[in-house]
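Below is one structure, written out as structure tokens; comments come after it.
Chain letters run A, B, ... following the sequence lines, proteins first, then strands; residues in each count from 1.
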Amino acid sequence: MSVDANEILQGLTTPQRDAATHIDGPLLVLAGAGSGKTRTITRRIAYMVANGIPPWNILAVTFTNKAAGEMRHRTMELLHALPQRLSRGVTVATFHSLCARLLREYATVMGLAPNFNIMDTSDQLKVVKQAMEKAGLSPDSMKPDRVLSAISDAKSKLKSAEAFSKTATMFNDRNIARVYMAYEQLMNENKGVDFDDLLFKTAVMLRDHADVRKQLQDRFRYILIDEYQDTNHAQFVIAHMLAMSHKNICVTGDPDQSIYGWRGANLSNIMEFEQFFPNARVVLLEQNYRSTKIILKAASALISNNIARKNKDLWTDNETGPKILHLVCADEHQEAHELVKRLKEFHDQQQIGWENMAIMYRINAMTRVLEDALMKSSVPYQIIRGTEFYGRKEVKDVIAYLRLITTPEDNISLERVINVPPRSIGQASVARLSGYANEHHLTLMAACRRADAIDGLPKRAAEACRRFAAMIDSWRNRFVPSAAGVTIPTAPPEEEFAESESGMFDFSSADADPLFDPALAADFSAQAPEVSDFDAENGGGQSDMKDEYQQSATAPGNRGSSIPVAEMMETIIEQSGMKLMDSGSGEDDEQRNANMLELVNVAAEFDRQNPGGTLQDYLTQVTLVSDTDRMKDQNAAVTLMTLHAAKGLEFPVVAMVGMEDGLIPHQRMFGGNAAEMNIEEERRLAFVGITRAMKHLILSRAAYRTMMGRSEAKNPSRFLDEIPDDCLEVVDLTVLQRPAGSPGFRDGASYHPPRGYTSAAPGHAAARSVQESPASSNTRFRRGTLVRHAKFGIGRVEGIDEVGGDYRVEVNFQGSGRRTLMLSFAKLETVDG
DNA sequence: GCAGCCTTGTTTTTT
DNA sequence: ACAAGGCTGC
């Protein structure tokens with residue numbers, strides 16, 4: 001062991017050191033919340049490099065870009081301290097970004113176009129709808145998003161459309177199978193790959209292609225996977241395929257923080273790691289450096305109610321700290337108001353900065369009241385929401401244009417922007433176009449180029465289509481250098497896949513169309529206003545940690561592009577008319593222009609950090625990035641987020657609102673077959689929330705909460721009962737008379753609980769939920785009754801109440817989900833059994 | 001082809 | 001209560 005290696009290990013506890021120095025062979029690090037996991041694994045990587053392992057043989061996989069960024073950063077800092085000057089770094093990637101790169105590299109092995117586009121959820125939904133249409137299924141029979149999640153679920157279990165079809169016996173599954181088949185075909189035609197495909201296809205590639213597997217095993221001789229409790233089956237297979245030859249696999253995680261089961265995460269991957277690798281070393285990190293003794297005690301007590309876990313005894317040397325405040329409020333307005341009041345006290349009296357406080361909740365819908373209260377008290381805040389920015393229409397539109405440039409086969413993107421800004425190409429025209437394309441086996445793009453030849457397409461629309469195509473082609477010629485000259489084909493489709501100099505198939509000319517008119521494209525370029533100079537900084541900013549493919553990974557069609565992406569984007573925004581479109585009036589338009597400008601700025605940042613980065617690289621990155629990754633922590637603002645979004649973060653002050661049965665655990669977890677398992681996941685969610693807190697924790701709940709327009713009595717969360725009493729200080733505001741004029745209650749009137757509400761002893765004021773009145777059940781249909789509907793099929797009654805002589809029945813249908821029906825209209829039959 | 005109305009649904013969402 | 005998406009009328 002070298003001197004440097006010793007220095008690297010400095011300050012680590014014995015278990016942390018055990019983990020950091022175990023290099024060869026399987027290793028499972030069970031890292032409790034706040035146990036210094038990231039610190040341990042970054043030291044481990046540095047230790048490996050210090051001991052002579054080439055960094056490019058090391059692969060670290062995380063789940064979020066944020067986690068990857070942090071790990072990259074912290075590892076880089078350590079490696080910089082090393083005497084070796086390393087030119088190439090460790091590969092730090094998310095599962096999805098790793099797979100995207102591998103699939104581009106080995107595209108031909110999987111029969112993929114290297115210029116495939118990554119389809120996001122909204123693209124997927126469009127494809128599903130088209131697939132359902134193709135399969136002859138109306139959107140009434142099945143909800144598209146349900147079908148999508150079924151497909152996604154299948155893919156995450158490595159079940160192909162064919163395999164799915166073979167095992168589908170139920171009526172519903174057979175329909176899904178048909179859609180799945182059509183969906184896959186459409187994805188292929190569009191040269192699209194969805195999020196699940198990235199994992200699926202990589203796993204299949206590693207499984208079925210020994211040569212590729214061997215190459216990658218040799219490249220990634222040491223593998224580290226973070227948050228292993230959140231891996232799904234596909235990810236499990238990828239990890240195992242990569243590690244099966246050398247078995248140098250280190251996985252870290254915490255079964256108690258597995259909160260993505262609903263997304264296909266398989267807890268048994270981590271629970272049974274030792275069965276898959278019998279000689280695995282297991283290290284427990286149980287010392288917590290984050291929270292007070294009280295907070296930790298509460299968290300431990302709560303989570304000990306779970307059966308499916310690996311026992312850990314979290315402990316800390318930190319101070320005991322104040323008790324957890326359990327705030328019982330009359331309703332959500334009071335809850336928000338009282339909470340903000342207390343946060344203000346922390347800020348004003350204890351000089352705790354706003355950035356050190358977070359409010360967490362189970363569902364996004366709870367933000368509104370909180371926002372109101374924060375705004376009224378002039379407390380700065382920021383909300384973390386998944387797709388706030390990239391989900392915006394105008395942002396997606398710009399991205400769609402870019403995608404169309406790299407991948408003209410992407411009909412989904414084309415349909416998205418062909419009439420943005422309005423070009424008088426309406427739905428009917430697109431349908432015509434689409435029909436023609438199908439008939440002649442063309443892409444929509446190709447159909448646009450020969451729009452004049454399409455019967456029934458209005459002159460105006462045809463002209464607009466032709467101009468649209470010319471516009472895209474001109475951009476493509478300019479922005480994708482190798483496409484120029486190749487794109488003007490006379491070759492029949494069979495010869496589209498010309499072999500390029502790189503030895504890979506060049507798909508850049510796959511959109512070959514005999515009617516492509518270079519003159520028209522050139523003409524368009526000439527007319528278009530020249531874009532002003534864009535001062536993109538080139539050079540600098542390249543980090544050592546950048547791995548080998550990030551520098552070289554370019555689809556064959558994109559090599560050597562030197563135009564910064566930001567500049568392309570500006571061109572597009574101007575020449576497409578999207579900018580003009582917004583020059584009209586109104587604040588909305590201004591906001592949209594600002595968003596597009598922001599997008600350009602973010603792209604400029606990409607250009608700076610990735611000199612030589614291609615448009616393709618940019619698009620790959622941008623689709624795999626969420627807003628959470630852009631969360632600014634320098635803002636002096638209270639952070640609002642869901643409990644899910646909170647994982648991995650910590651704050652001195654944490655408030656969890658809505659601690660009520662029905663919210664945590666969530667209503668949807670009740671009933672159903674896997675209810676018990678789901679309750680455990682909900683408990684883990686609460687555990688994650690509690691363990692985010694360093695010093696102060698507030699748990700609040702409301703006796704009445706307005707949800708979906710109805711005020712409902714709420715029982716305290718069962719999880720509150722699982723927290724030892726001596727950890728809690730209960731403040732019950734429902735039994736206190738508030739002074740007149742106090743905000744939070746209209747007119748300052750004192751609070752009168754509605755009928756049916758009983759206020760019990762302070763601490764656990766139990767609100768009884770309103771009992772189902774006898775009148776609201778029906779002799780034939782009651783909760784739990786299995787029913788059949790002519791259109792929606794089989795379902796189970798989840799609720800029934802009387803409405804003006806009729807009955808309103810809520811039924812959860814197998815295919816199409818929850819529906820509310822009026823008994824007199826819906827022809828419901830009971831199903832026995 | 002587009003605007004306003006009405007129906008619909010409303011857990012979480014690393015990618 | 002409220003937003004988003006689909007549908008109808010201009």
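- Between the P atom of dT14(B) and the CG atom of Leu643(A) lies a distance of 14 Å, rounded to the nearest Å.
- For Glu712(A), the salt bridge (Lys or Arg N to Asp or Glu O under 4.0 Å) criterion is met by Lys714(A), not counting sequence neighbours.
- A straight line from CG of Asp230(A) to P of dT12(B) spans 17 Å, rounded to a whole angstrom.
- By the salt bridge (Lys or Arg N to Asp or Glu O under 4.0 Å) test, Lys37(A) is found to be paired with Asp226(A), Glu227(A), residues two or more places apart in sequence or in another chain being considered.
- Between the NZ atom of Lys143(A) and the C1' atom of dT11(B) there is a distance of 13 Å, rounded to whole Å.
- A salt bridge between Glu371(A) and Arg368(A) is absent, with no side-chain N of the basic residue lying under 4.0 Å from a carboxylate O of the acidic one.
- Distance Asp145(A) CG to dT8(B) C1': 12 Å, rounded to the nearest Å.
- Scanning for side chain to side chain contact (heavy atoms under 4.5 Å, CB included) contacts around Ser122(A) gives Asp120(A), Lys396(A), with sequence neighbours left out.
- Residues satisfying the side chain to side chain contact (heavy atoms under 4.5 Å, CB included) criterion with Ala451(A), sequence neighbours excluded, are Leu457(A), Ala462(A), Cys465(A).
- Closest to the side chain of Ile363(A), out of dT15(B), dG1(B), dT12(B), is dT12(B).
- In terms of the side chain to side chain contact (heavy atoms under 4.5 Å, CB included) criterion, residue partners of Ala603(A) (sequence neighbours excluded) are, by chain and number, Val565(A), Ala566(A), Met569(A), Tyr618(A).
- In this structure, Arg368(A) places its CZ atom 12 Å from C1' of dT10(B), rounding to the nearest Å.
- The phosphate of dT13(B) (OP1 or OP2) has a side-chain N or O of Thr642(A) nearer than 4.0 angstrom.
- A salt bridge between Asp153(A) and Lys157(A) is present, with a side-chain N of the basic residue lying under 4.0 Å from a carboxylate O of the acidic one.
- A donor-acceptor contact under 3.5 Å links the side chain of Arg263(A) to the base of dT15(B).
- An OP1 or OP2 oxygen of dT13(B) is reached within less than 4.0 angstrom by a side-chain nitrogen or oxygen of Asn364(A).
- In summary, contact between chain A and DNA chain C, defined as any nucleotide atom under 4.0 Å from a heavy atom of the protein, begins and ends at dA1(C) to dG6(C) in the 5' to 3' direction.
- Lys647(A) has its NZ atom 21 Å from the P atom of dT11(B), to the nearest Å.
- Backbone-only engagement by Ser429(A) is indicated by non-hydrogen atom pairs under 4.0 Å involving sugar-phosphate atoms exclusively.
- Every residue two or more places apart in sequence or in another chain was checked for a salt bridge (Lys or Arg N to Asp or Glu O under 4.0 Å) with Arg423(A), and none qualifies.
- With its ring centre under 5.5 Å from that of the base six-membered ring and a plane angle below 30°, His666(A) counts as stacked on dT11(B).
- At the phosphate of dT14(B), neither OP1 nor OP2 sits under 4.0 Å from any side-chain N or O atom of Asn65(A).
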What's touching nucleotides 2-5 of chain B from the protein side, N or O pairs under 3.5 Å?
{"unit_1": "dC2(B)", "atom_1": "OP2", "unit_2": "Asn419(A)", "atom_2": "ND2", "d": "3.2"}

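- The pair Arg403(A)-Asp410(A) counts as a salt bridge, with a side-chain nitrogen and a carboxylate oxygen less than 4.0 angstrom apart.
- In terms of position along DNA chain B, the nucleotide closest to Ala365(A) lies nearer the 5' end than the nucleotide closest to the other residue of the pair Thr94(A) and Ala365(A).
- When heavy atoms are screened at a 4.0 angstrom cut-off, Lys126(A) is found touching no nucleic acid atom at all.
- Checked against side chain to side chain contact (heavy atoms under 4.5 Å, CB included), Ala131(A) has the following partners two or more places apart in sequence or in another chain: Val179(A), Ala182(A), Tyr183(A), Leu186(A).
- A stacked arrangement is not assigned to Phe95(A) and the six-membered base ring of dT15(B), the conditions of a centre distance below 5.5 Å and an interplanar angle below 30° not being jointly met.
- Note: CZ (Arg683(A)) to P (dT11(B)) measures 22 Å, nearest angstrom.
- In this entry the distance linking CG of Asn232(A) with P of dT15(B) reads 14 Å, nearest Å.
- Set against dT10(B), dT11(B), dT15(B), the side chain of His96(A) has dT15(B) as its closest nucleotide.
- Using a 4.0 Å heavy-atom cutoff across all strands shown, Arg710(A) reaches no nucleic acid atom at all.
- In the set dT14(B), dT10(B), dT13(B), dT13(B) carries the atom at the smallest distance from any side-chain atom of Trp262(A).
- Classified by interplanar angle (parallel below 30°, tilted 30° to 60°, perpendicular above 60°), the ring pair Tyr260(A)/Trp262(A) is tilted.
- Gln427(A) comes within 4.0 angstrom of the backbone, heavy atoms only, and of no base.
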